[in-house]
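Worksheet for the structure shown next.
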Amino acid sequence: MTEERHEFQAEVGRLLQIVANSLYSEQDIFLRELISNASDACERLRYAAITHPDLIAEDPELSIVISLDKKKRKLVIADNGIGMNHDDLVESLGTIARSGTMAFLDQLQDKTGVSQIGQFGVGFYSAFMVADQVEVMSRKAGDSKAWRWVSDGEGGYTIAGTEGQNRGTSVVLTLKKSATEFLEEDRLRSIIKTYSDHIALPIVLEGKEGGMVNTASALWTRPKKDIDSEQYTEFYRHVGHSFDDPWLTIHHHVEGKIEYTLLLFIPSTPPFDLFDPQRQHRIKLYVKRVFITDQCEELVPPYLRFLRGVVDSEDLSLNVSREMLQNNPLLTKIRAAIVKRVFRELTKRADKSPEEYSTFWGNFGAVLKEALYEGGEQSADILKLARFYSTASTEKLVSLEEYLDRAKEGQKAIYTASGDDLGKLRQSPQLEGFMARGIEVILFTDPIDDFWPARVGNYNEIPFQSVTHGIADLESVAKNSDDEKLESVDDVDLDTLIALLKLNLGDAVKDVRSSSRLTDSPVCLVADESQLDIHLERVLKQHKHIDNTAARILEINPRHPLIVALDKRAKLEGAATDLEDVAHLLLDQACILEGDPVTSPGDFARRLSSVISKCL
Ligand code: ADP
Ligand code: MG
């Protein structure tokens with residue numbers, strides 16, 4: 001038969017270079033990946049056979065067989081699963097399917113190493129860590145023709161028809177010198193036992209002491225007391241294509257009107273595609289131990305997509321179709337139960353170990369907050385679980401409950417400030433008046449924080465209020481210091497100065513007014529009640545949702561020596577023209593404090609030079 005030669009996709013070539021240079025100590029993960037693929041292939045066949053029993057009839061006992069030929073240095077991982085035809089081989093073993101994968105792989109190179117490659121959907125290529133040559137023989141269930149795929153991991157591979165392969169796939173590795181340990185039965189047995197014990201199919205090692213190596217029962221069906229944390233971890237890594245430890249494990253069997261088992265995990269590090277626009281979860285749905293799908297949207301809401309694990313239902317019918325999964329009342333119940341249970345466990349953790357909980361919130365809080373924006377019925381629970389940075393503490397995150405406990409007498413709102421960078425945010429001039437009065441301000445740094453407070457409105461009937469939006473009515477809040485910065489300025493009349501600034505600035509500002517927000521800075525910008533908040537507008541502009549930004553309100557600090565001096569000057573003759581440059585410089589300064597560019601750098605430079613020369 002003729003042999004075709006194919007080149008690897010460029011990304012695969014680069015990936016293989018990373019794999020070839022990988023650390024010696026991580027080599028044994030190749031076996032976990034190949035066994036995981038064999039097990040997936042068997043699960044897919046079992047599912048297909050529900051509707052097409054003839055696919056499995058000739059050889060119904062699914063298993064994975066591992067065999068060795070020491071002399072020829074060959075290690076074979078064989079399954080009798082779904083198999084691959086010619087096009088499947090080209091598609092699956094020559095390209096990288098998921099977009100964005102390569103960018104993350106590049107980071108891997110210098111960071112944590114290849115033990116993570118399973119999570120990117122490229123686990124197969126780990127075979128080239130240990131093998132000079134990889135040969136894949138496969139016959140797809142239902143086909144009569146078999147194929148042989150061969151590669152040395154450099155440049156490309158060949159495909160040709162072949163004889164003698166039964167249904168399923170055999171991966172034949174010719175091991176490198178450095179991988180001789182994998183020709184030892186004992187070594188293989190111990191790896192399989194550690195990594196793959198939970199695989200719900202027999203894994204048979206052919207050899208002197210041959211036989212089944214694993215327990216071959218689905219882990220979630222075993223009693224909790226018989227499962228140790230290492231077994232949970234290995235299962236989590238398998239089911240979630242993960243490399244870290246689970247941060248939280250929920251294993252729960254429900255009997256009653258409906259019967260199902262949950263084995264769910266929350267990762268301890270965020271998965272690489274957490275913010276993929278598809279917002280897909282990866283929970284696997286089983287029915288009576290048969291894998292059905294990992295794309296059942298109804299099973300878990302998008303804001304819990306960081307969960308990993310399995311749901312096994314006793315009540316759904318085995319040949320349930322995609323359509324039947326939509327609006328299925330059983331699934332709706334299971335989904336509600338998952339949400340409830342996850343929230344309950346999170347609340348427990350938050351109470352018991354706040355620090356660990358903060359780590360979780362740092363990883364996944366932004367995802368949970370999507371539910372606030374969507375306005376679902378879970379909002380109340382999520383607001384309780386939410387944690388924030390604030391002006392009151394530099395490291396510890398605070399809850400809204402704590403915030404309100406500390407609120408000042410007369411305080412009418414939960415004050416918030418948004419920014420991209422926590423450090424810069426803490427320096428915002430708009431915070432000065434709040435800090436001086438000891439009023440805590442919550443600091444928002446996730447992009448979603450610009451959106452949900454408007455949707456949610458309030459917490460415990462106290463409204464959220466951005467410090468850069470609308471009027472800050474701080475005079476009504478009790479003062480607890482006799483800080484001179486806060487001395488009453490009722491006697492300062494800035495009317496003349498304000499009129500003059502408005503005259504000079506024209507349309508460049510929406511308004512000019514005296515501020516209770518400021519203590520140290522002379523000026524700041526705020527958005528009018530009727531406008532978008534400043535940070536939100538900036539985000540929308542960055543993403544090209546809006547073209548132009550609106551003119552802002554310029555607030556001036558009645559206690560600042562510069563403003564006091566300007567006010568005096570404003571009352572003298574000829575002030576209107578004399579202060580033109582100064583008016584614009586004040587506005588430019590406020591823009592710079594906001595992190596925004598000045599309207600016209602040329603004018604700014606000219607005015608600054610002119611004002612400085614007058615002083616000299
Ligand atoms: P992943 O398993 O995450 O999809 P891999 O790189 O491990 O990524 O495998 C790529 C693809 O190759 C699989 O999705 C599957 O379609 C195919 N494949 C690999 N091994 C087998 C096998 N033993 N039987 C059938 N298909 C396989
Ligand atoms: Mg795989």
Side-chain angles (χ1 to χ4, degrees), residues 11 98-104 106-107 270-280 297 301-303 305-306 362-376 388-389 416-430 442-457 464-470 505-511 524-555 584 587-604:
E11 281 81 5
R98 276 201 256 159
S99 61
T101 299
M102 214 44 222
F104 288 94
D106 282 339
Q107 294 176 2
F272 81 104
D273 53 358
L274 187 60
F275 291 102
D276 191 286
Q278 302 270 341
R279 305 209 298 156
Q280 248 180 34
E297 269 183 46
Y303 63 82
R305 63 181 174 276
F306 49 83
N363 287 336
F364 301 115
V367 181
L368 279 165
K369 282 187 284 191
E370 291 172 12
L372 294 177
Y373 176 61
E374 283 159 359
F388 304 95
Y389 290 105
T416 67
S418 291
D420 306 327
D421 178 296
L422 202 56
K424 279 193 204 143
L425 193 51
R426 286 184 195 281
Q427 307 292 323
S428 305
Q430 292 93 340
I442 286 183
L443 303 174
F444 283 152
T445 50
D446 283 326
I448 189 91
D449 292 329
D450 282 317
F451 301 94
W452 65 261
R455 181 78 199 237
V456 167
F464 290 96
Q465 165 76 48
S466 159
V467 300
T468 56
H469 200 214
L505 294 173
D507 289 343
V509 291
K510 169 126 184 149
D511 196 5
C524 73
L525 290 175
V526 298
D528 184 52
E529 210 82 58
S530 64
Q531 297 177 318
L532 293 174
D533 198 5
I534 295 186
H535 188 256
L536 170 59
E537 187 180 66
R538 191 178 306 141
V539 170
L540 293 177
K541 191 158 182 235
Q542 268 165 12
H543 291 91
K544 305 206 161 43
H545 292 302
I546 53 173
D547 298 328
N548 292 310
T549 45
R552 297 296 177 200
I553 295 170
L554 180 69
E555 287 198 349
H584 284 279
L587 178 59
D588 284 340
Q589 185 181 8
C591 289
I592 292 170
L593 280 168
E594 242 359 274
D596 284 338
V598 297
T599 335
S600 155
D603 287 346
F604 172 71

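Model, not experiment: these values are computed from the prediction.
- Looking at I592 and V598, their side chains come closer than 4.5 Å, going by heavy atoms from C-beta outward.
- Listed by chain and number, the residues in a salt bridge (Lys or Arg N to Asp or Glu O under 4.0 Å) with R455 amount to none (sequence neighbours excluded).
- Looking at E594, its side chain never comes within 3.5 Å of a backbone N or O of S428 through a donor-acceptor pair.
- Residues D449 and S418 bring no donor and acceptor atom of their side chains to less than 3.5 Å of each other.
- A heavy-atom distance below 4.5 Å is found between the side chains of V367 and L274.
- At least one side-chain heavy atom of L505 sits under 4.5 Å from a side-chain heavy atom of L554.
- Remark: side-chain polar atoms of D276 are paired, donor with acceptor, to backbone N or O of Q278 under 3.5 angstrom.
- Here the CD1-CG distance, from I546 to L536, works out to 7.5 Å after rounding to the nearest 0.5 Å.
- The shortest distance between side-chain heavy atoms of L532 and L540 falls below 4.5 Å.
- Counting heavy atoms from C-beta outward, V526 and H469 have side chains that stay 4.5 Å or more apart.
- How far CG of L587 is from CZ of R552: 11.5 Å, rounded to the nearest 0.5 Å.
- Using a 4.5 Å heavy-atom threshold, the side chains of R538 and D596 count as touching.
- Annotation: F451, atom CZ; neighbour count of heavy atoms from other residues, nucleotides and ligands within 6.0 Å is above 12.
- Residues passing the salt bridge (Lys or Arg N to Asp or Glu O under 4.0 Å) test with E297, sequence neighbours excluded: none.
- Note on ring orientation: taking the six-membered ring where Trp is involved, the planes of F364 and F306 are parallel (angle under 30°, cut-offs 30° and 60°).
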Practice task
Under the salt bridge (charged side-chain N to carboxylate O under 4.0 Å, His left out) rule, what do D547 and K541 come out as? Steps first, then yes or no, please.
Solution key: CA-CA 6 Å; D547 298 328; K541 191 158 182 235; over 6 Å; no
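- Note that CZ of F464 is 8.0 Å distant from OG1 of T416, once rounded to the nearest 0.5 Å.
- In this structure, a donor-acceptor pair under 3.5 Å is absent between the side chains of E537 and Q542.
- In this view, Y303 satisfies the ring pair (Phe, Tyr, Trp, His ring centres under 6.0 Å) rule with no residue, not counting sequence neighbours.
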